[in-house]
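Below, read A as the first sequence line, B as the second, and so on, with proteins coming before strands; counting in each chain starts at 1.
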Amino acid sequence: MNTDIFNVQTKIGKPWKKPPFVQSNLLRWVLITGFVIYLIAAYMTIDVNWSRVYEGLERGKKFVLAFTNPDFTSRSSDIWEGMIESILMTVASSVVGILISIPIALGAARNVSPLPVYLICRGIIAISRALQEIIVAILLVAIFGFGPLAGFLTLSFATIGFLSKLLAEDIESMDKVQAEAIKASGAKWTQWINYGVQPQVMPRLIGLSIYRVDINFRESAILGLVGAGGIGATLNTAFDRYEYDTAAAILLIIIVIVMALEYLSGIVRARVQ
Amino acid sequence: MLEIKQLVKKYHTGDLALNGVDLKVEKGQVMALIGPSGAGKSTLIRCVNRLEKATSGEIWLNGENIVKMRSGKLRRARRNMGMIFQEYALVERLTVMENVLSGRLGYVGFWRSFLRKFPQSDINAAFGLLEKVGLDTMVNKRADELSGGQRQRVGIARALIQKPDILLVDEPTASLDPKTSRQIMRLICELCRERELAAIINIHDVALAQMFVQRVVGLRFGAVQFDGPPEGLTPDVLTMIYGEEDWEATIESVDDEDDLVTL
Amino acid sequence: MIFTYCWQQISKSTTWFFVWDAPRIATDLWTRATPPKWEYISQLGKPIWDTLNIATLGTLFALIIAVPVAFLAARNTTPSRFIIRPIALLIIVSTRSINSLIWALLLIAIIGPGVFAGVIAIAIRSIGFCAKLLYEAIEEIDETQVEAITATGASRWQVMAYGIVPQILPAFAGIAVFRWDINIRESTVLGLVGAGGIGLQLNASLNVLAWPQVTLILILILLAVIFSEWISAKVRHAII
């Protein structure tokens with residue numbers, strides 16, 4: 001780019017410009033104008049009803065104020081039941097999801113499993129990741145009926161995609177030498193996994209699992225919207241009835257639990273590392 | 001020009017890094033600061049630029065006390081002090097030119113610097129300096145593509161474009177090989193002579209210091225132990241600064257090395 | 001043990017009759033849902049465009065707010081550790097603990113249904129996410145580069161522009177694209193609660209049990225997700 005013979009005398013007096021990120025002039029302008037045109041087009045189609053928004057601000061204010069005065073009591077039994085159900089779903093689905101993810105992660109790591117197994121496991125992961133939790137929940141509710149079972153299955157399924165993928169990547173990037181040393185001692189495949197692989201990926205598995213518990217809890221809060229159990233149904237009703245103080249109470253509980261989980265995971269991760 | 005009086009620096013941890021240092025540097029004087037690690041060399045330099053705030057004492061630069069300055073004034077004072085760092089401290093993801101021009105930040109407004117629209121005189125100066133340090137073909141390279149010696153040259157150019165009165169140089173050669181170390185030291189000293197710059201050079205390599213400077217200050221436990229010409233660094237003096245060790249080899253090695261490494 | 005308890009509770013509130021019936025229902029559903037109703041695609045152009053816009057504009061808004069929040073939350077750049085930093089952290093935690101669907105639900109109650117509510121819902125949810133990753137990146141920068149710029153006599157803002165921004169720019173771009181990718185997924189379902197996009201059609205089709213249409217929409221969503229993942233992989237590759 002700048003290998004041509006350089007002569008200070010010719011440069012002095014000339015301006016200097018930072019070389020642009022996109023080298024080709026044409027491409028750069030196409031990208032910039034394309035983006036601007038897209039933004040304008042996107043903005044035009046949004047079609048905001050400003051008077052409606054303005055009216056809404058009043059309600060928005062009411063909602064924000066509701067946070068200073070949340071109502072935990074008047075629907076306390078609904079909130080309580082919903083929360084318990086959310087937590088049950090979270091725990092059960094995390095346990096099942098993690099247990100299933102481990103073999104799938106092993107299968108999806110190219111360095112520990114043969115090609116056909118690898119392809120099947122990667123396929124399962126891809127499907128699980130491509131499908132939104134809420135869409136899976138809709139289908140499962142249609143098949144298994146309303147209730148926490150559908151939510152539990154949804155979250156387990158989503159956990160598999162998330163955890164297996166990250167764990168498989170970790171296994172693939174592990175230190176080969178350590179694993180080979182075990183193999184060289186004549187260990188069976190299971191022993192090899194147990195002694196060569198497991199110690200290396202264990203801290204990450206624990207960290208990811210706790211993170212996933214956190215995600216599962218947050219997700220369990222919305223599954224109720226489509227009838228798959230949990231606090232979401234209560235929340236939805238609260239919004240429908242414009243009971244902002246109850247909604248605020250529920251949201252606060254969610255935030256506090258998520259914060260607690262995050263704090264907990266920080267401690268655990270610090271300990272395993 | 002620079003006068004340090006009874007400078008004390010105590011860290012939060014309770015470590016006493018500087019314990020009443022008195023030092024005076026005249027215009028155009030290049031001074032090497034030697035001493036064992038932990039003697040307070042870096043702290044001294046960082047206090048002068050006020051990257052660390054001194055606990056007590058005074059630092060007078062051109063008749064103004066840096067320790068007591070408010071932030072606007074401090075920024076103007078910092079423009080007169082060029083600093084060169086041990087690990088180069090270039091902004092890795094910016095080009096060589098941007099790194100050099102960043103030495104002018106104290107002189108241009110925010111938006112001008114943000115849009116990289118520096119005055120033409122600054123750009124000319126940058127080109128001139130880059131030629132001087134031998135990097136004229138690397139103007140648009142990113143700093144992280146350069147070798148250690150090249151990076152330190154960019155660091156030197158960045159310090160000099162400030163048009164400072166004094167250079168504060170913190171272990172300029174600690175991460176470089178012996179040959180490059182000498183080239184860099186020579187470059188710094190030549191440029192100082194040419195521009196009549198004063199300089200405080202922190203250096204742990206005594207031989208290298210003796211080779212290039214007119215004055216050596218030895219620091220131990222945050223206090224000045226020796227102050228004099230490089231010839232005054234006898235084994236006794238070195239023992240006083242560093243502790244017991246056989247010093248003959250260190251001092252002799254100065255004489256038999258050839259100085260003909262060109263830039 | 002805890003697990004068995006949880007499982008018992010779940011099974012207690014499950015109508016097992018439906019579950020035993022599930023295979024039959026599933027096959028029944030499958031026969032009704034296939035083949036997809038291809039001609040319905042003509043009505044899906046606008047919704048998918050809306051979905052794309054919700055994700056993109058939502059991400060942009062989120063980034064505009066997330067950047068200052070991240071700087072206020074990072075230990076090394078916050079102007080005040082004891083007042084402003086906790087506030088910034090509170091914004092981060094509260095916006096990211098709550099799913100975008102819930103934000104959408106809330107915004108629809110406040111400003112009415114439509115694409116705009118979707119954009120804002122996505123934006124709010126993404127603020128915390130982006131700001132968290134960004135402030136972690138800011139806390140990991142190399143301080144000596146910042147010091148070097150400070151030592152030249154640069155002002156606070158110049159130190160930011162020269163010492164900090166170049167260091168976090170790659171992380172920033174990565175985060176932006178990563179979140180955009182997630183937002184495409186999330187915006188496909190926002191319509192379920194009325195916040196615009198393809199989810200609206202999905203909801204409408206589900207309500208009238210038009211399963212062939214549902215199948216088509218799901219295929220389309222799948223394609224959108226694959227497309228966004230492909231783009232984000234490309235962009236990330238170009239940056240690094």
Side-chain angles (χ1 to χ4, degrees), chain B residues 42 45-46 48-52 69 71-95 98-116 142-144 151 154-155 158-164 167-170, chain C residues 63-64 67-68 70-72 74-82 84-85 133-178 235-240:
Chain B
S42 288
I45 279 195
R46 292 165 65 84
V48 172
N49 204 312
R50 230 175 88 180
L51 289 173
E52 307 279 359
M69 274 179 189
S71 69
K73 213 161 185 198
L74 175 66
R75 278 212 304 279
R76 276 192 295 281
R78 277 178 174 159
R79 302 193 304 202
N80 296 324
M81 298 182 273
M83 197 146 170
I84 297 171
F85 293 82
Q86 174 177 352
E87 301 278 355
Y88 331 121
L90 300 184
V91 182
E92 303 271 321
R93 301 190 60 89
L94 294 183
T95 59
E98 283 170 294
N99 268 295
V100 175
L101 285 173
S102 69
R104 298 299 293 174
L105 285 176
Y107 296 90
V108 297
F110 174 74
W111 286 108
R112 271 198 110 159
S113 61
F114 184 74
L115 300 169
R116 312 294 195 255
R142 243 170 57 177
D144 52 8
R151 288 185 200 199
V154 178
R158 173 173 68 188
L160 286 175
I161 203 173
Q162 286 179 237
K163 302 208 176 70
L167 280 184
L168 304 170
V169 190
D170 192 3
Chain C
L63 289 174
I64 291 170
V67 169
F71 274 100
L72 296 178
R75 255 187 223 100
N76 45 357
T77 54
T78 183
S80 129
R81 252 171 206 231
F82 297 104
I84 295 179
R85 182 161 190 265
L133 293 178
L134 199 58
Y135 96 74
E136 284 169 355
I138 296 174
E139 286 183 351
E140 276 169 23
I141 59 171
D142 176 9
E143 280 295 333
T144 58
Q145 297 180 29
V146 181
E147 276 184 348
I149 299 294
T150 315
T152 65
S155 68
R156 197 182 233 281
W157 292 101
Q158 285 174 327
V159 171
M160 216 147 199
Y162 273 74
I164 301 175
V165 170
Q167 291 195 57
I168 58 165
L169 217 51
F172 174 78
I175 293 165
V177 177
F178 182 37
V235 173
R236 249 177 290 175
H237 196 76
I239 294 164
I240 298 161

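Only the side chain of Met83(B) comes within contact range of chain C, judged by heavy atoms closer than 4.5 Å. The part of Leu90(B) that comes within reach of chain C is its backbone (N, CA, C, O), which places non-hydrogen atoms under 4.5 angstrom from that chain. If you measure heavy-atom distances from Arg158(B) to chain C, the contacts under 4.5 Å come from the side chain alone.
The greatest number of non-hydrogen atom pairs below 4.5 Å with chain B, out of Ala161(C), Ala148(C), Gly163(C), is found for Ala148(C). Among Phe85(B), Tyr88(B), Tyr107(B), Phe114(B), the residue with the largest count of heavy-atom pairs under 4.5 Å with chain C is Phe85(B). Of the listed residues Ser102(B), Ala77(B), Gly109(B), Gly82(B), the one with more heavy-atom pairs under 4.5 angstrom with chain C than any other is Ser102(B). Ranked by heavy-atom pairs under 4.5 Å with chain C, the list Ser113(B), Gly72(B), Pro164(B), Gly103(B) is led by Ser113(B).
The environment of CZ in Arg116(B) is crowded: more than 12 heavy-atom neighbours from other residues, nucleotides or ligands sit within 6.0 Å.
Residues Arg75(B) and Gly153(C) approach most closely at CD-O, 3.3 Å, considering heavy atoms. Here the closest non-hydrogen pair linking Phe110(B) and Trp157(C) is CE1-O, 3.3 Å.
The side-chain heavy atoms of Arg93(B) and Pro170(C), taken from C-beta on, include a pair separated by under 4.5 Å.
Here the CG atom belonging to Asp170(B) is positioned 11.0 Å from the OG1 atom belonging to Thr144(C), to the nearest 0.5 angstrom. The OG1 atom of Thr150(C) lies 10.0 Å from the CG atom of Leu105(B); values are rounded to the nearest 0.5 Å. Between the CZ atom in Arg104(B) and the OG1 atom in Thr152(C) there is a gap of 10.5 Å [rounded to 0.5 Å].
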Next on the checklist: Could you walk me through whether Glu147(C) and Asn49(B) satisfy the side chain to side chain contact (heavy atoms under 4.5 Å, CB included) test, starting with their C-alpha distance in whole Å, then the side-chain angles of each, then the deciding distance to 0.1 Å, before giving a yes or no?
Outcome noted: CA-CA 10 Å; Glu147(C) 276 184 348; Asn49(B) 204 312; over 6 Å; no
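Listed for the Glu92(B) side chain is no donor-acceptor partner under 3.5 Å among the backbone atoms of Gln145(C).
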